[in-house]
**Student:** 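Supplied in structure tokens, the structure appears directly below.
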There are 2 protein chains.
Amino acid sequence: MTARPGSWQAIEAEVLRRIHARDWPPGSAIPNEADLAQSFGVARATVNRALQSLAEAGILDRRRKAGTRVALHPVRRATLRIPILRHEVEAAGQPYACRLLARDEAPAPEVVTQALRLPSDAPLLHLRALHLAGGAPHALEERWVNAAAVPAILSAPLDTISANEWLVANAPFTSGDFSIAAANATTDEAAALACQPGAALVEVLRTTWDGARPITWVRLLHAPGYRMRMAL
Amino acid sequence: MTARPGSWQAIEAEVLRRIHARDWPPGSAIPNEADLAQSFGVARATVNRALQSLAEAGILDRRRKAGTRVALHPVRRATLRIPILRHEVEAAGQPYACRLLARDEAPAPEVVTQALRLPSDAPLLHLRALHLAGGAPHALEERWVNAAAVPAILSAPLDTISANEWLVANAPFTSGDFSIAAANATTDEAAALACQPGAALVEVLRTTWDGARPITWVRLLHAPGYRMRMAL
DNA sequence: GAGTGGTCTAGACCACGGG
DNA sequence: CCGTGGTCTAGACCACTCG
């Protein structure tokens with residue numbers, strides 16, 4: 001488990017140790033790369049690799065000329081892996097299924113068109129699907145797809161493959177928003193998810209873009225008991 | 001905005017372009033580093049930097065000898081910044097306050113001791129606090145601190161500084177778990193958060209460790225309307 | 001202006017792991 | 001075995017930004 005002496009991981013661990021040991025307290029400046037390299041007996045590039053890793057993790061603040069400082073408030077970052085629902089379910093050892101509940105091209109609500117920065121009369125494909133895990137409802141998906149950006153979706157076999165999965169394979173995106181909140185189940189949602197009306201549900205909102213072109217807006221309502229886990 | 005030609009960012013962008021353009025479709029192998037370096041006219045280390053960046057982002061799968069492949073299912077990662085609550089509130093332009101509701105050393109529930117992998121009779125400090133934003137309830141915090149690992153907390157002025165902030169400054173951690181779920185407000189919680197009983201609340205569970213030593217377990221209940229946002 | 005991090009190069013050796 | 005990625009080195013130049 002211990003990194004090879006002289007490796008950048010070893011340097012990283014040693015720097016971390018000194019920070020935790022308060023040798024280098026929060027807010028203080030640490031020696032520059034050249035000095036550290038000499039004192040550790042490695043090349044500067046190796047020190048650079050270690051410090052960049054720590055900076056990326058938010059442990060250090062680095063600025064040219066100003067030098068490297070221990071972050072005053074180490075803003076912790078958690079990385080959330082967002083799997084395809086099918087994979088998530090199957091990874092839990094349960095059979096997955098997806099049922100297409102609705103599909104139409106009705107005009108989208110303002111919330112959606114505004115989030116996608118599209119005119120309110122833009123032609124959007126509307127989909128509603130229920131994801132099942134082991135026969136039980138897992139999540140309810142409400143989706144709007146920008147048909148202008150992904151015309152092929154109009155002829156996609158969405159009763160065979162979930163829109164989620166089809167889009168991942170056919171419409172790569174470059175950026176997006178992702179947010180999590182809690183919502184009480186409406187009577188309709190409760191019926192679809194086989195839970196009590198008013199039950200607390202995890203609500204995930206996602207918008208994706210390919211460059212400047214909006215691709216899709218989706219709202220996922222997870223069945224009660226759902227929990228998103230990450231490591232710190 | 002465009003990266004300098006020959007920089008690793010430029011290589012990264014070009015590789016990304018070829019992936020999006022389906023020159024290198026999902027699952028396919030791409031040339032090895034040496035070949036790419038030659039064709040791009042840069043050193044192998046530069047190509048390595050670019051490909052490592054893409055691998056870290058989940059776009060590429062890299063294995064020694066097996067080479068580099070375009071990830072079949074680009075598992076998207078969202079990085080969530082976990083700020084100190086006070087900062088989060090103040091960043092929203094609202095005055096922050098924290099009220100300590102309870103503090104005792106009663107035995108902890110099994111859920112807590114098990115999550116911390118401690119014997120069920122381990123001495124834990126129990127805290128309950130209400131975080132306020134602009135005078136309105138923002139989040140309810142239920143916390144258990146491993147007094148054995150952080151004895152100084154027993155004499156910390158927790159009516160002045162939130163336990164959250166005190167721990168960040170005085171008890172660095174090396175790893176932790178983080179999970180998000182939704183919960184209906186109990187009558188007690190509703191009273192504290194000034195909302196309706198049964199309201200859907202975002203529940204955050206966090207456990208932190210310093211090496212093998214458990215530090216703290218905390219449950220945060222956010223007031224209705226709370227939303228965690230991240231970029232993809 | 002000058003110090004510091006950011007990056008590139010050319011070359012080398014190593015570790016992993018597929019065939 | 002041996003090809004591929006992972007990493008280290010020594011040296012160099014650049015870019016940013018603080019003073």
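These numbers were taken from a predicted model, which means no experiment stands behind them. Lettering follows sequence order; numbering is per chain, from 1.
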**Student:** Rounded off to whole Å, could you give me the CD-to-P distance for the A:Glu33 and D:dA12 pair?
**Tutor:**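 Rounded to the whole Å, the gap is 17 Å.
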**Student:** Within the structure, does a side-chain N or O atom of B:Arg64 lie under 4.0 Å from either OP1 or OP2 of D:dG3?
**Tutor:**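 No, outside the criterion.
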**Student:** Between atom CG in A:Asp61 and atom P in D:dT17, what is the gap in whole Å?
**Tutor:**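 Checked: the CG to P distance equals 14 Å.
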**Student:** If I take atom CD in residue B:Gln38 and atom P in nucleotide C:dG11, what distance separates them, rounded to the nearest angstrom?
**Tutor:**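 Rounded to whole Å, this separation is 13 Å.
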**Student:** Check the phosphate of D:dC18 against A:Arg63, side-chain N and O only, distance under 4.0 Å to OP1 or OP2. Yes or no?
**Tutor:** yes
**Student:** Picking from C:dG18, D:dT4, C:dT9, which would you name as closest to the side chain of B:Val42?
**Tutor:**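 That would be C:dT9.
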**Student:** Can you tell me if the side-chain N/O atoms of A:Thr68 get under 4.0 Å from OP1 or OP2 in C:dT4?
**Tutor:** no
**Student:** Could you check which of C:dT9, C:dT7, D:dT4 has an atom nearest any side-chain atom of B:Lys65?
**Tutor:** D:dT4
**Student:** Within less than 4.0 Å of OP1 or OP2 of D:dT7, is there a side-chain N or O belonging to A:Gln9?
**Tutor:**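 It does, given that an N or O in the side chain of A:Gln9 lies less than 4.0 Å from OP1 or OP2 of D:dT7.
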**Student:** Any salt bridge between A:Glu142 and A:Arg219, counting N to O under 4.0 Å?
**Tutor:** no
**Student:** Within the side chain of A:Asp210, is there an N or O that forms a donor-acceptor pair under 3.5 Å with the backbone of A:Arg213?
**Tutor:** no
**Student:** Rounded to whole angstroms, how far apart are CG on A:Asp35 and C1' on C:dG3?
**Tutor:**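 Taking atom C1' of C:dG3 as the reference, CG of A:Asp35 is at 12 Å.
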**Student:** Does A:Asn48 make a side-chain N or O approach to OP1 or OP2 of C:dG5 shorter than 4.0 Å?
**Tutor:**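 No, no such contact exists.
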**Student:** Please determine whether a side-chain nitrogen or oxygen atom of A:Thr46 lies at a distance below 4.0 Å from atom OP1 or OP2 of D:dT7.
**Tutor:**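 The answer is no; no side-chain N or O of A:Thr46 sits under 4.0 Å from OP1 or OP2.
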**Student:** Whole angstrom is fine here: how far is it from CD in A:Glu12 over to C1' in D:dT7?
**Tutor:** 14 Å
**Student:** Here's a test of your reading of the structure: between A:Ala34 and B:Ala66, which maps to the more 5' nucleotide of DNA chain C?
**Tutor:** A:Ala34
**Student:** Nearest to the side chain of B:Asn32 - D:dG5, C:dG5, D:dG6?
**Tutor:**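 Ranking D:dG5, C:dG5, D:dG6 by closest atom to the B:Asn32 side chain puts D:dG5 first.
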**Student:** Considering all heavy atoms of both residues, which atom of A:Trp8 and which atom of A:Thr46 are nearest to each other, and what is their separation?
**Tutor:** CB-O, 3.7 Å
**Student:** Is there a donor-acceptor pair under 3.5 Å between the side chain of A:Thr174 and the backbone N or O of A:Gly211?
**Tutor:**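 Confirmed, A:Thr174 side chain pairs with A:Gly211 backbone.
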**Student:** From the list C:dC8, C:dT9, D:dG5, which nucleotide is the closest neighbour of the side chain of B:Ala45?
**Tutor:**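 Out of C:dC8, C:dT9, D:dG5, the nucleotide with an atom closest to B:Ala45's side chain is C:dT9.
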**Student:** Write down the distance between CD1 (A:Ile30) and P (C:dG3), rounded to a whole number of angstrom.
**Tutor:** 19 Å
**Student:** Can you tell whether the side chains of B:Arg99 and B:Glu141 come within less than 4.0 Å, N to carboxylate O?
**Tutor:**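 No, no charged N to carboxylate O under 4.0 Å.
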**Student:** Send over the distance from B:Ile11 CD1 to C:dG6 P, rounded to a whole Å.
**Tutor:** 20 Å
**Student:** Looking only at side-chain N and O atoms, does A:Arg62 come under 4.0 Å of OP1 or OP2 in C:dG6?
**Tutor:**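 Yes, within the criterion.
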**Student:** B:Leu36 has an atom CG; how far is it from atom P of D:dG5, in whole Å?
**Tutor:** 8 Å
**Student:** Tell me which of B:Arg4 and A:Trp8 sits closer to the 5' end of DNA chain D, going by the nucleotide each one is nearest to.
**Tutor:** A:Trp8
**Student:** Just N and O in the side chain of B:Arg44: are any of them under 4.0 Å from OP1 or OP2 of D:dG5?
**Tutor:** no
**Student:** Taking 4.0 angstrom as the limit, do A:Arg86 and A:Glu165 come out as a salt bridge?
**Tutor:** yes
**Student:** If the cut-off is 4.0 Å, is A:Arg49 near the phosphate of D:dC8, judged by side-chain N/O to OP1 or OP2?
**Tutor:**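 No.
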